Amino acid sequence: MTTAAAPALREQTVSIVANDRDTDQYYRLEVRAPEIAPLVQPGQFAHVRILPLKEALLRRPFSIFQVTTDTFSILYKNVGRGTDVLSRMRSGEELSVIAPLGHGFTVPAPGAEVPLLVAGGYGMAAMYLLAQRSPQKGIVFVGGRRRVDILCEKEFAALGWEVRATTEDGSHGEKGLVTHPLIAELKRGAAGKKLFACGPTPMLKAVAKLAADFNLPAELSMDEHMCCGTGVCLTCVIPIKTADGWEYQRTCTEGPVFDREQILWEVPQ
Amino acid sequence: MTTAAAPALREQTVSIVANDRDTDQYYRLEVRAPEIAPLVQPGQFAHVRILPLKEALLRRPFSIFQVTTDTFSILYKNVGRGTDVLSRMRSGEELSVIAPLGHGFTVPAPGAEVPLLVAGGYGMAAMYLLAQRSPQKGIVFVGGRRRVDILCEKEFAALGWEVRATTEDGSHGEKGLVTHPLIAELKRGAAGKKLFACGPTPMLKAVAKLAADFNLPAELSMDEHMCCGTGVCLTCVIPIKTADGWEYQRTCTEGPVFDREQILWEVPQ
Amino acid sequence: MNLAVQIGTMRMPNPVTVASGTFGYGVEYSRLIDLNQLGAVTVKGIRLNPVRGNPTPRTAEVASGMLNAIGLQGPGVDGFIKKYWPFLRELKVPTIINIWGTTVEEYAEVARRFDALGGVGALELNVSCPNIKEGGAQFGTDVKLLAQVVAACRKATSLPLITKMSPNVPNIAPFARAAEESGSDALAVTNSFPAMAIDIRTRRPKLANITGGLTGPAIKPIAVKLVWEAAKAVKIPIIGMGGIQTAADAIEFMMAGAAAVAVGTANFYEPQTPLYVVAGIREYMEQQKFTEVGQITGSIKFS
Amino acid sequence: MNLAVQIGTMRMPNPVTVASGTFGYGVEYSRLIDLNQLGAVTVKGIRLNPVRGNPTPRTAEVASGMLNAIGLQGPGVDGFIKKYWPFLRELKVPTIINIWGTTVEEYAEVARRFDALGGVGALELNVSCPNIKEGGAQFGTDVKLLAQVVAACRKATSLPLITKMSPNVPNIAPFARAAEESGSDALAVTNSFPAMAIDIRTRRPKLANITGGLTGPAIKPIAVKLVWEAAKAVKIPIIGMGGIQTAADAIEFMMAGAAAVAVGTANFYEPQTPLYVVAGIREYMEQQKFTEVGQITGSIKFS
Ligand SMILES: Cc1cc2nc3c(=O)[nH]c(=O)nc-3n(C[C@H](O)[C@H](O)[C@H](O)COP(=O)(O)OP(=O)(O)OC[C@H]3O[C@@H](n4cnc5c(N)ncnc54)[C@H](O)[C@@H]3O)c2cc1C
Ligand SMILES: Cc1cc2nc3c(=O)[nH]c(=O)nc-3n(C[C@H](O)[C@H](O)[C@H](O)COP(=O)(O)OP(=O)(O)OC[C@H]3O[C@@H](n4cnc5c(N)ncnc54)[C@H](O)[C@@H]3O)c2cc1C
Ligand SMILES: Cc1cc2nc3c(=O)[nH]c(=O)nc-3n(C[C@H](O)[C@H](O)[C@H](O)COP(=O)(O)O)c2cc1C
Ligand SMILES: Cc1cc2nc3c(=O)[nH]c(=O)nc-3n(C[C@H](O)[C@H](O)[C@H](O)COP(=O)(O)O)c2cc1C
Ligand code: FES
Ligand code: FES
């Protein structure tokens, strides 16, 4: 935990510009937030209070997907009580957001390693700004269970990135796990590459292992339950290596993005 | 408390046909309920679960105002959390209702006493069906604080009833309390009259006293907080005289309408 | 698929009953739901003589729950037998009679009366009503008194005894064991939590009784923990209750160790709740391919 | 209009602080609210040495509240002084440091250390953390141990002592009196309630610690009653907490007898809450033409 003056953030009541279904259970929500949009770094998130939720009090965290000069948007999946209520909200209705939050991805410097992005499901949401702001283009490996879980392929292509999709049921792209084409790519030549990943924990773990095997740098965005989202409550911690062992650090503050070397995947007994 | 086979009632999810502002803070809500509408007796109420209310769980009781063959309506005032949420619901949205509930007014038999109705504020809602179904017409004394508290005067007039309005600020009708014109009327001749009242407790108490002074029969609809609305929880009780003293009886079941002789206005120590 | 639950000699066709005081004497809700679909009907608390109850207001709404201080209004043993028993006796499902007293002797006497009545499913000893000075609460928070009450009732009747525990103790285990050792056939966990609310406009308590019992979804996490701890302490079955609104809630209580459950406050806003819960439990058992409802009980996993 | 509240030698410019563990060490929320508008900043519980805390998941959402079992993760006295004190020391408002230990001696030692530090507003003795075996909970449910802890800390420091009461006792009065008689300058009422939740899909507890503390609006009616009973038992001021979301909630606690209040869980979903509460109390005092905030304390009426 650090007391170093943390980056700027805002709490604001914002109104919904658009909230439309993307594919299947996925929705895109855009809100007007001129003060927040310019502050957003790739991999940061917004902590959203879904005001119509009454007996469920906590905010829900969502990666910031895209920004314009005066709006930002999220790409979310309807998985439970909060996202279900959110999916039924109309433009003009209001939400309370605290954003931008968390330590995001390192945007590759010009001439730095070639970025390979690895995303599962809504993990794609955390990747768009990184792809958009990275001076050199790379490859996006995107995986999902079914065709509908492969999100915004076109938008990444439009940014000039190569997209390699995999689905577990083979309904779209290559059949299998997202790590298969990644391994193939790395075997073709791993030097000078860097991995950036966001998705389910098992996928992150697999990517971390690959990075270690090929001895590549990797930045992983961890998905932990959150409460305050602002570093106060110590809900969202994961075990992180330190000089003298390990300690629990906060995914909402020191994370959600960590270097693969930092992460202890099992809590030592 | 009685176990005698109680009158028919239904619990149903009903959809809103209309929900429009009447005056100021008063609204008229009509719901589709073909099985319920035919069962309604004057002075009975509906116990309404306002489904969007989440952390507030209990149903809210409202007198049944008017009925058609396949709908019934209530006339409600926005006074708190539930009625506020209710006032923002749109036609097509759903409510859960248990109705009709309670022991209502005795509809005067042909040739029986001349009915004098006394209503305060939303108390008018409980009176409409009585006025509509009574074979002989009488006078409705309606009181409120300001002009906006005098509800559906025209509708009562349209039923062929004489309406005498009073407002405490004199902004409409006679200035003063609803009991003033009533006293005047009774002084002119009380014989053969019967009082029916619904409104704030102080008003009901005053009407009961007048009825006693002029030695007239009176039926009063009591307004107590309710929980189950169906005779189960014993929340809504008031002290009622019995052969051997008094007992707490349920306004939701033995009431809301009681004969003035039954009611003990103070709980004996 | 067998949903039946055995509480001493009482057989409940399914594990879902209703919480005492939230279902009157059965007859009231019989207009809205088929009582014979329940596991048992549990009636409002009864003592020897009629009880007038507390002044009003008796309930208040709070976040995800309510407060009540009814004061155990009731017709007394004779009044109950005269007014309500003829109806209840005819039901296909057992009746659980919730009883209380102000002395150990009174508990025993009431138990004796209902034993003599014949046809009663079980007696639930309310040793934990927080709402009247002599409402038995002290029996529920004093291990010795609790043991005395249960033992005296055990002597007075051969009917199954369900001891309704007070939630208001630092550790429920010794109380659970005392009830078991004194001859209780089952435990009911939990009663309402002493609480209060103030109307800041009038500065007056929202209940005439000043304090009352908190019930509803607000207390569910505390109640689930009490059931879990009681289940670890005793072998007798536990009837879990506290904020149950859905089958998922009921299954949570059963996983924590409850053999049966009771729906309380939810009846007031959704009288169909107990039947929804029965249907949901059946559905869950089908998904899980369970043949016995007991397979849910205590099925919580820790690794 | 005077909103100031005196807790021993500590002067709070207004009666609204934050609940320990729901506001970190102040610095985190300083990006969102002006800490100098609070009555005091109360920091997360600290013991002598660093504490790693419990495995995850550490919190779970429940109806009108949440469960937590953080396990008092913290930097220890030295870590706190090094990392956070330089920031807190500069604030215009006092800092309340919440401390705990596993032995009476450790409580006293931590008290001594902060006494030596200088500039601390007050020490809050957490004798009621339900979330770790040696989290002091036993001190809070055993009158003798409670008295020992408070007395030992009283000897160790001249700083104002606030004893944070356990809610988990049948009757809070003797505990409140024990704290007062042992030299506590104030009471904090109340800590969270032992509870649990189970994910029925995985059959596993929602918290890695199995049980955790229930907090939020769900517990408010129980907390208000505990404050009311504690206030009747002692003369020292009470800091009321438990589900406060609005100024109306805070005023309810004050009417029940609290001299000050703390906002806890609400900070997590609405970090501005403490400032809204201060504004709302000021507004209420204007309406009522009160000159002293103390006029609200204990103003509940019964007739
Ligand atoms: C840093 C971060 C970024 C995220 N970005 C996205 C995104 O871009 N798109 C997207 O669809 N989802 C994202 N999630 C997951 C999202 O927060 C959950 O899907 C959401 O909170 C579910 O809320 P609910 O009420 O619908 O589900 P419920 O199951 O009803 O929620 C119950 C509680 O569990 C928490 N919870 C449930 N699932 C998760 C989860 N997977 N992660 C964290 N908390 C959870 C909720 O916040 C709530 O407190 C992100 C999570 C984190 C931590
Ligand atoms: C038999 C009967 C008939 C009624 N008929 C009408 C009617 O025709 N039109 C109308 O506008 N109102 C009527 N009322 C009053 C109506 O029930 C309340 O105004 C309503 O419950 C307020 O709910 P709320 O959530 O807006 O207020 P809140 O104050 O937020 O409610 C909090 C709690 O108090 C209860 N409550 C608050 N005020 C009253 C009250 N006056 N009577 C009973 N319970 C109350 C609520 O039901 C709820 O449980 C009637 C009440 C009764 C008992
Ligand atoms: C209005 C009301 C009356 C109650 N009366 C009794 C009673 O007479 N005897 C008893 O043992 N419990 C009584 N209880 C407690 C319930 O039986 C049950 O233990 C408690 O409500 C918790 O369950 P719930 O949260 O589902 O309501 C009463 C509860 C309520 C709300
Ligand atoms: C996440 C969390 C952490 C807490 N940590 C502490 C703590 O370290 N020390 C303590 O005395 N109380 C702690 N508490 C209890 C709060 O200080 C407070 O007593 C309780 O949350 C009730 O207030 P509330 O309902 O407004 O949250 C914690 C509560 C929460 C929710
Ligand atoms: S969610 Fe509260 S510290 Fe991360
Ligand atoms: S409201 Fe429950 S008995 Fe009348």
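Residue numbering restarts at 1 for every chain, and letters A, B, ... go by the order of the sequence lines. All heavy atoms count here, side chains included; hydrogens, waters and symmetry mates do not. What you see is a predicted model; the values in this text were computed from it and never measured.
For a residue to count as touching a neighbouring chain, one of its non-hydrogen atoms must lie under 4.5 Å from one of that chain's; by this rule C:Ile296 does not touch chain D. Within the 4.5 angstrom heavy-atom criterion, atoms from both the backbone and the side chain of C:Ile222 approach chain D. Residue C:Tyr284 touches chain D through its side chain alone, counting heavy-atom pairs closer than 4.5 Å. Only the side chain of C:Leu67 comes within less than 4.5 Å of a heavy atom in chain D; its backbone stays farther off. Using a 4.5 Å cut-off between heavy atoms, C:Ala208 makes no contact with chain D at all. For a residue to count as touching a neighbouring chain, one of its non-hydrogen atoms must lie under 4.5 Å from one of that chain's; by this rule C:Val224 touches chain D with backbone and side chain alike. With a 4.5 angstrom heavy-atom cutoff, C:Glu229 does not touch chain D via any of its atoms.
The choice from C:Ala195, C:Gly65, C:Ser303, C:Pro205 that makes the most heavy-atom pairs within less than 4.5 Å of chain D is C:Ala195. If you tally non-hydrogen atom pairs under 4.5 Å between each of C:Ile251, C:Ile210, C:Leu226 and chain D, the highest count goes to C:Ile210.
If you take CD on C:Gln245 and NZ on C:Lys220, they are separated by 8.0 Å, rounding to the nearest 0.5 Å.
With a 4.5 Å cut-off on side-chain heavy atoms, D:Asn14 and D:Val293 do not count as touching. Contact of the C:Val62 side chain with the C:Lys206 side chain is not registered, since no non-hydrogen atoms from C-beta on lie closer than 4.5 Å. In this structure, D:Val127 and D:Tyr107 have side chains that are in contact, with non-hydrogen atoms separated by less than 4.5 Å. Side-chain atoms of C:Met255 and D:Ile200, non-hydrogen and from C-beta on, do get closer than 4.5 Å to each other.
Taking 4.0 Å as the cut-off between side-chain N and carboxylate O, C:Lys144 and C:Asp142 do not count as a salt-bridged pair.
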